[in-house]
Protein chains: 2
Amino acid sequence: MTLPQAGSDPVTVRAPRSIPEASVARLAVYLRMLGELAEQGADTVSSEELAAATGVNSAKLRKDLSYIGSYGIRGVGYSVSALIHQLERALGLNHRQAVALIGVGNLGHALAGYGGFGGRGFPVTALFDVDPDLVGIHINGILVDHVRDIPTTCRERGITIGMIATPGPAAQGICDALVEAGVRCILNFAPVVLQVPEEVEVRKVDLAVELQILAFHVARKRLVVEGAEVDGESLAVPDAQANGHPVNGTSNGGIR
Amino acid sequence: MTLPQAGSDPVTVRAPRSIPEASVARLAVYLRMLGELAEQGADTVSSEELAAATGVNSAKLRKDLSYIGSYGIRGVGYSVSALIHQLERALGLNHRQAVALIGVGNLGHALAGYGGFGGRGFPVTALFDVDPDLVGIHINGILVDHVRDIPTTCRERGITIGMIATPGPAAQGICDALVEAGVRCILNFAPVVLQVPEEVEVRKVDLAVELQILAFHVARKRLVVEGAEVDGESLAVPDAQANGHPVNGTSNGGIR
DNA sequence: GCAACTTTGTGCGTGCCTTCACAAGCGGCT
DNA sequence: AGCCGCTTGTGAAGGCACGCACAAAGTTGC
Ligand SMILES: NC(=O)c1ccc[n+]([C@@H]2O[C@H](COP(=O)([O-])OP(=O)(O)OC[C@H]3O[C@@H](n4cnc5c(N)ncnc54)[C@H](O)[C@@H]3O)[C@@H](O)[C@H]2O)c1
Ligand SMILES: NC(=O)c1ccc[n+]([C@@H]2O[C@H](COP(=O)([O-])OP(=O)(O)OC[C@H]3O[C@@H](n4cnc5c(N)ncnc54)[C@H](O)[C@@H]3O)[C@@H](O)[C@H]2O)c1
């Protein structure tokens with residue numbers, strides 16, 4: 001499908017050769033593990049080894065890697081350093097991406113102080129809040145600005161990613177400000193569904209939902225152990241050990 | 001497959017009627033939105049309205065709800081209160097699930113102080129750390145215990161869910177202790193792949209991966225805007241606006 | 001230089017998830 | 001009482017993702 005064959009359309013568009021979203025997520029995991037292997041002095045790694053270390057099927061891993069090109073050596077494996085380079089290129093990590101964090105409360109403090117973002121190419125370079133006690137202080141060497149400065153400051157510093165850690169009711173307003181500031185990728189920790197224009201990408205981290213999914217599995221296991229329904233109805237799930245959070249869906253019903 | 005039809009097996013097993021994992025995640029989102037609607041005094045809600053509010057396709061929403069039974073009224077919609085009750089039952093929220101948090105550092109402090117968990121039926125009732133400066137203090141009224149007490153304390157308090165917020169290298173050891181304590185569901189914030197027996201369910205929250213997925217979309221959009229490849233290769237994705245994090249995969253290579 | 005071994009890259013079948021589209025069912029209106 | 005409009009619940013179809021299994025391709029040893 002969508003092969004660059006003649007016939008269907010007058011102008012033959014270049015094959016999009018898109019990377020499945022699911023694979024992108026795994027590629028990021030491979031990349032981190034490769035970094036650890038490189039530190040340990042590993043020179044090459046086989047798909048089987050890397051798959052075991054990251055907990056995926058080796059065939060799936062090879063297919064994931066095949067989306068970004070053929071950089072393996074048959075009979076040997078993959079060159080760790082070369083693969084790191086290719087993954088960084090494919091994931092768009094050759095340019096640093098500056099991140100803005102809005103809402104420097106409990107969670108925001110932890111995020112702002114976390115070194116794991118900057119260390120992986122995502123320096124948090126702007127902090128925003130409305131609380132007068134917070135605006136003006138420094139966290140991890142970064143000044144907290146007032147949210148009214150979001151449009152100007154984000155453009156000035158070339159911010160491409162926004163992280164929202166405000167209370168739920170404030171999130172949509174902040175989101176709108178970020179979009180106005182030209183930010184087109186948002187990571188949202190507030191438990192609300194953000195409405196955005198379709199060119200903006202939103203990912204939601206929803207810890208309460210994570211716990212509820214786990215709770216569901218607890219309940220399911222209780223049924224299996226007890227061998228009978230607790231509440232008059234049965235609940236079950238096919239596999240477990242999976243980890244897919246959809247909650248998405250070509251959001252029509254949004255701004256569109 | 002596995003239909004309760006006569007023929008295949010001597011003893012006909014009751015239809016498992018499993019709920020797809022993807023649907024479970026969305027059901028939790030519907031439940032939260034229904035809670036908000038109930039607060040606003042809504043009596044009934046149609047699939048179209050609820051779908052718009054949660055950003056999903058209305059047909060998908062109806063199918064999700066159909067997995068837990070037929071509680072809608074044709075021509076009217078769903079009774080908000082009745083649907084909340086059914087969702088709570090289906091998700092296993094009729095019993096409170098006590099949560100243990102291990103690692104009370106930056107992130108752990110934020111999690112321990114967060115009221116959103118207890119408010120939604122997941123009270124954090126145990127905290128653990130190794131740092132002598134932390135062991136013994138109270139956070140949000142909960143005493144921080146030493147990690148060596150994990151097995152006894154977790155069993156005493158009937159803990160069913162563990163949240164790991166320690167540095168990566170410590171995570172596997174903590175995980176093993178939790179499993180030994182009978183905890184069978186774990187939410188892991190450390191950037192490592194945990195090896196667990198197959199009866200244990202692990203979900204990973206990996207913020208650096210979230211950012212990398214966003215960065216990938218930034219890069220992809222840059223290409224679209226500039227209309228040419230930046231680095232000699234093209235990268236693209238079909239849809240965007242999706243939100244699936246797999247990174248899983250019937251983890252063979254684990255303990256099994 | 002050849003044979004045996006190792007590992008990649010991928011074609012293909014299978015199953016899950018999503019989406020469309022519509023019949024069935026329910027309430028309200030006349 | 002009967003009709004009409006609205007909404008649910010689901011059959012069917014398509015697409016995506018996963019994983020097996022194997023040919024191709026490279027390496028090592030002799
Ligand atoms: N703390 C957690 O562990 C945790 C867990 C899951 C989800 N969350 C979610 O993350 C968000 C933040 O949680 P928190 O515990 O840090 O809350 P918090 O109340 O401690 O912090 C919120 C911060 O946002 C600021 N703020 C409020 N309105 C604002 C606005 N309009 N613009 C900018 N800043 C504003 C406040 O001044 C405060 O500093 C909430 O939506 C919460 O539901 C938090
Ligand atoms: N802070 C963030 O925003 C953030 C974001 C993403 C991921 N993470 C991950 O979450 C984890 C915690 O991050 P953090 O910023 O809170 O780190 P931190 O160093 O502030 O806190 C870690 C805590 O774990 C404790 N600890 C260390 N070894 C332990 C052990 N063996 N048993 C029990 N406790 C132990 C330490 O005493 C400390 O209190 C890390 O794995 C980090 O990669 C954090």
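Naming convention: chains lettered A, B, ... in sequence-line order (proteins, then strands); numbering from 1 in each chain.
Rounded to whole Å, atom C1' of C:dT10 lies 13 Å from atom CG of A:D64. If you measure from atom CD of A:E21 to atom P of D:dA17, you get 9 Å, rounded to the nearest angstrom. We find that CD1 of A:I68 is positioned 14 Å from C1' of C:dT8, with the value rounded to whole Å. If you measure from atom CG of A:L50 to atom P of C:dG9, you get 13 Å, rounded to the nearest angstrom. The CG-P distance, from B:L61 to C:dT19, rounds to 12 Å in whole Å. Counting to the nearest Å, the P atom of D:dG9 and the NZ atom of B:K60 are 18 Å from each other. For the pair B:R62 CZ and C:dC26 P, the interatomic distance rounds to 16 Å; values are reported in whole Å.
Checking the phosphate oxygens (OP1, OP2) of C:dC20, a side-chain nitrogen or oxygen of B:N57 falls inside 4.0 Å. OP1 or OP2 of C:dT18 lies within a sub-4.0 Å distance of a side-chain N or O belonging to B:R26.
Closest contact between the side chain of A:P20 and the listed nucleotides D:dC20, C:dC20, D:dA17 involves D:dA17. Side chain of A:A22, nearest nucleotide from C:dT8, C:dC20, D:dC18: D:dC18. Relative to the side chain of B:K63, the nucleotides C:dC17, C:dG11, C:dT18 differ in distance, and C:dT18 lies closest.
Of the residues in residues 73-83 of chain B, B:I73, B:R74, B:G75, B:V76 come within less than 4.0 Å of DNA chain C through at least one heavy atom, sorted by number. Near-neighbour residues of DNA chain C inside residues 41-49 of chain A, defined by a heavy atom below 4.0 Å, number-ordered: A:S46, A:S47.
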